[in-house]
Amino acid sequence: MRFIHTADWHLGKYLKSRSLIEDQRYILDQFLEIVDTQNVDAILIAGDIYDRNIPPEDAVNLFDHVLNELIIKHDLHVLCIAGNHDSEGRLNFGSKLFDNTNFHIRAKLTEVADPVVLKDSFGEVYFSLIPYFDPPKVKTAFDVDTDEDFTYNDAAAVLVKAARSTIPTNARSIAVSHAFIAGGVESGSEKKLPGGAGQVSPHHFKDFNYTALGHLHGSTLNDRNIRYSGSLLKYSFDEWKQSKSITLVDIDGEGNIITQILPLNPLHDVRVIKGKAVDILNNEADSDDYISVQYEGVMINSHNALLRKKFPNLLEIKPVDRVLAGSSNGAKSIENVSHIDLFKKFFKDTTGESLSDEELSVMTDLIEDIERGL
């Protein structure tokens, strides 16, 4: 059996104040061209289909278009889960009805023991679809009774145990999950919990032949066939050095896995350019990429105007030597510090307390709205 593993589409995403919907349409057309050539049986989308709980209409229409191409035109199975940016309830709409077709959605944690079973010439392959989770929701969904600290790692153990409970011994199996697996590399686009609190051990997934992950935007692989496909596009300037791709996966009759990385080429690249303004003006070629200029020395108004003419999609200009005073290590560079991290520090300094998970989620959504100009 052959399938494509992808994740973190974030349809409806903005970069700074710029809508990326046309960039997403372009890259998904490229994705469909790849599907045309690879003779695949299924598509796995490991969460964060949308960028917001309530996605804009053009994002929903784009996803609808892609599903029609995959399911109706190509007669493929599409298996997807909810990520932390998706709305569990909204994404779950029609899931029971769609399960009778080639579209398989799992947005509720209580359904992880209901695998999707596909067949090839060697027999059955079991796909366990494990949507994004947090410890309180897992405790409630599975009636976990404990007075001890119940972590993300504990929650993952409960979910994987439930998922594997309905998979026959020695059957070939694939997990699809949206989580922060220890060893993954974060970037500025993912919502983080301090101190690695949200990390999950890869050991939980050892009995699956392959684990298709979403949540972290960089494409990474380890020896246990646990892979992040990465996001379709660069969704923050922190990601500017990443290369984006999808993962082509073959599983044979014995459960052996072969992966192939298929690169994606964006409509506009995302780049950071550093240096003195005059050097950037003299040495850099004109470009319609999405650009962050991080300048050394002084930026005068004429330089600013010339840079914006040179780079029509210039989204950010800031000095490289901005510092955040008062950190535990004295002065700390904030070149790559997100607005939410700055607010968390402000809140802690002002109140003496840390934001709760609920407060953090609300503030993250609010800051994203402000950045988009909504």
Side-chain angles (χ1 to χ4, degrees), residues 2-13 20 23-24 27-28 30-32 34-35 38 40 42-52 55 59 62-63 66-67 70 76-88 91 103-107 112 116 127-133 156 159 174-181 183-192 198-200 202 205 208 210-222 224-236 238-239 242-249 257 259-264 266:
R2 168 173 283 193
F3 58 87
I4 286 176
H5 164 205
T6 179
D8 296 282
W9 289 10
H10 288 276
L11 301 181
K13 176 76 173 177
L20 297 179
D23 298 78
Q24 292 172 328
I27 210 70
L28 284 170
Q30 192 176 129
F31 169 77
L32 291 171
I34 293 173
V35 171
Q38 293 301 327
V40 299
I43 308 294
L44 312 185
I45 310 175
D48 281 354
I49 294 164
Y50 297 116
D51 191 54
R52 299 181 56 76
L62 179 54
F63 188 45
V66 174
L67 287 179
L70 294 173
L76 300 178
H77 288 272
V78 177
L79 292 69
C80 68
I81 59 173
N84 55 302
H85 282 252
D86 298 311
S87 166
E88 172 189 315
L91 200 62
F103 186 34
H104 312 278
I105 307 170
R106 296 292 184 272
V112 297
V116 174
F127 291 82
S128 294
L129 307 184
I130 306 173
Y132 177 77
F133 57 90
L159 289 172
I174 309 293
V176 184
S177 184
H178 194 88
F180 182 9
I181 303 301
V185 179
E186 294 174 298
S187 66
S189 297
E190 304 103 7
K191 295 180 181 179
K192 306 175 182 66
Q199 292 191 14
V200 169
F205 298 93
F208 291 98
Y210 181 83
T211 298
L213 292 171
H215 188 47
L216 302 187
H217 290 184
S219 175
T220 56
L221 176 70
N222 70 19
R224 290 177 176 161
N225 289 336
I226 300 176
R227 170 175 283 281
Y228 284 101
S229 67
S231 56
L232 288 176
L233 295 169
K234 300 176 184 180
Y235 286 134
S236 78
D238 284 353
E239 299 178 28
Q242 294 181 0
S243 298
K244 298 302 182 179
S245 62
I246 57 178
T247 306
L248 184 68
V249 184
I257 296 291
T259 60
Q260 182 180 350
I261 306 307
L262 306 179
L264 298 170

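None of the values given here were measured: they were computed from a predicted structure.
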Below 30° counts as parallel, above 60° as perpendicular, anything between as tilted: where do the rings of His215 and Tyr132 land? tilted

Listed partners of Ser128 passing side-chain hydrogen bond (donor to acceptor under 3.5 Å, both in side chains), at least two apart: none

Evaluate side chain to side chain contact (heavy atoms under 4.5 Å, CB included) for Val40 paired with Ile34, printing each intermediate quantity in order. CA-CA 10 Å; Val40 299; Ile34 293 173; over 6 Å; no

Heavy atoms only: give me the nearest Ile174-Phe208 pair and the separation to one decimal. C-CD2, 3.7 Å

Going by atom types only, do His178 and Asn84 share a side-chain donor-acceptor pair under 3.5 Å? yes

Backbone N or O of Leu79 within a donor-acceptor pair of the His104 side chain at under 3.5 Å? no

side-chain hydrogen bond (donor to acceptor under 3.5 Å, both in side chains) partners of Asp86, counting only residues at least two apart: none

Could you walk me through whether Cys80 and Ile105 pass the side chain to side chain contact (heavy atoms under 4.5 Å, CB included) test, one step at a time? CA-CA 5 Å; Cys80 68; Ile105 307 170; 3.9 Å; yes

Please report the shortest heavy-atom distance between Leu213 and Ala46, naming the atom on each side. C-CB, 3.6 Å

Intermediate values then yes/no, side chain to side chain contact (heavy atoms under 4.5 Å, CB included), Arg106 and Val112: CA-CA 7 Å; Arg106 296 292 184 272; Val112 297; over 6 Å; no

Scanning both residues in full, the closest heavy-atom pair of Gly214 with Tyr228 reads O-CE2, 3.4 Å

Looking at Val176 and Ile81, what are the two nearest heavy atoms and their distance? O-CD1, 3.7 Å

Tell me the closest heavy-atom pair linking Ile49 and Trp9, and the distance in Å. O-CB, 3.6 Å

In sequence, state the C-alpha distance, the side-chain angles, and the governing distance for Leu62 and Gln24, and then conclude on side chain to side chain contact (heavy atoms under 4.5 Å, CB included). CA-CA 9 Å; Leu62 179 54; Gln24 292 172 328; 4.0 Å; yes

Measure the spacing between CG of Leu28 and CG of Leu233 and express it to the nearest 0.5 Å. 8.0 Å

In Å, rounded to the nearest 0.5 Å, how long is the span from CG of Leu262 to OG of Ser229? 11.5 Å

Rounded to the nearest 0.5 Å, what separation is found between the CG atom of Leu232 and the OG1 atom of Thr6? 4.5 Å

Only one of Lys244, Lys234, Glu239, Gln242 clears side chain to side chain donor-acceptor pair (under 3.5 Å) with His217; which? Glu239

Roughly how far apart are Ile27 CD1 and Leu264 CG, rounded to 0.5 Å? 4.5 Å

Quick check: closest heavy atoms across Thr259 and Tyr210, and the distance to 0.1 Å? CG2-CE1, 3.9 Å

Rounded to the nearest 0.5 Å, what separates atom CD1 in Ile261 from atom CZ in Arg227? 3.5 Å

How long is the straight-line distance from NE2 of His5 back to CG of Leu44, given to the nearest 0.5 Å? 7.0 Å

